[in-house]
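Since the structure comes first, as structure tokens, the remarks are kept for the end.
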Amino acid sequence: MPMITVKFDDKKVADEKIIELSTALQKIVSEATNIKDVFVYADSPKIAVAIAPIEVFIEMSASKIEDTEALFAIMKEKLRDWKETTEFEYPLNLTLIPMNWKFEVNI
């Protein structure tokens with residue numbers, strides 16, 4: 001299951017905008033990966049030095065990614081389209097992180 005982490009500068013971006021972005025990211029990643037279980041965690045660091053307004057990190061199992069470049073391009077395009085459609089004004093940095101992890105749910 002993909003996990004999205006959003007780090008943001010709360011002095012530059014309101015929580016409401018991050019909620020809007022988080023909802024869109026969940027949908028975009030779910031559609032791009034055909035995986036329903038996509039989670040988003042968003043927070044603003046207590047200590048932040050020279051940070052971007054918004055950083056988005058998408059972590060998912062490497063075994064679920066057939067073509068990293070193609071998947072990243074799809075997510076980036078859908079995110080750009082969403083930003084344009086909603087007039088979301090804040091720049092953001094996007095990172096896709098294929099992970100070799102093992103996990104168990106509901107232990």
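As the structure is a computational prediction, the values presented were derived from the model and not from experiment.
Cluster membership check: Leu94 shares its hydrophobic cluster with Val13, using side-chain heavy-atom separations under 4.5 Å among Ile, Leu, Val, Met, Phe, Trp and Tyr. Leu96 and Ile4 fall within a single hydrophobic cluster, where Ile, Leu, Val, Met, Phe, Trp and Tyr are joined by side-chain heavy atoms under 4.5 Å apart, directly or via other members. No chain of hydrophobic side-chain contacts below 4.5 Å, direct or via other Ile, Leu, Val, Met, Phe, Trp or Tyr residues, connects Ile19 to Val29. Put simply, Ile28 and Phe39 are part of two different groups of oily side chains (I, L, V, M, F, W, Y) that touch within less than 4.5 Å, one to the next. One hydrophobic cluster holds both Ile97 and Met1 under the rule that ILVMFWY side chains link at heavy-atom gaps under 4.5 Å.
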Under 3.5 Å donor-acceptor pairs involving side-chain atoms of residues 44-68, not counting sequence neighbours:
{"unit_1": "Ser44", "atom_1": "OG", "unit_2": "Phe8", "atom_2": "O", "d": "2.8"}
{"unit_1": "Ser44", "atom_1": "OG", "unit_2": "Asp10", "atom_2": "N", "d": "3.3"}
{"unit_1": "Ser44", "atom_1": "OG", "unit_2": "Asp10", "atom_2": "OD1", "d": "3.4"}
{"unit_1": "Glu55", "atom_1": "OE2", "unit_2": "Asn93", "atom_2": "ND2", "d": "3.0"}
{"unit_1": "Ser61", "atom_1": "OG", "unit_2": "Trp101", "atom_2": "NE1", "d": "2.8"}
{"unit_1": "Asp67", "atom_1": "OD1", "unit_2": "Glu69", "atom_2": "N", "d": "3.1"}
{"unit_1": "Asp67", "atom_1": "OD1", "unit_2": "Ala70", "atom_2": "N", "d": "3.1"}

Donor-acceptor contacts, no H, no angles, side chain residues 76-89, under 3.5 Å, sequence neighbours left out:
{"unit_1": "Lys83", "atom_1": "NZ", "unit_2": "Tyr90", "atom_2": "O", "d": "2.9"}
{"unit_1": "Thr85", "atom_1": "OG1", "unit_2": "Asp81", "atom_2": "O", "d": "2.9"}
{"unit_1": "Thr86", "atom_1": "OG1", "unit_2": "Trp82", "atom_2": "O", "d": "2.8"}

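Looking at heavy atoms from C-beta onward, Leu21 lies in side-chain contact with Leu92 at the 4.5 angstrom threshold.
Nearest heavy atom pair, residue Ala42 against residue Ile18, reads CB-CG2, 3.6 Å. What you find for Ala32 and Leu71 is that their closest heavy atoms are O-CD1, 3.7 Å.
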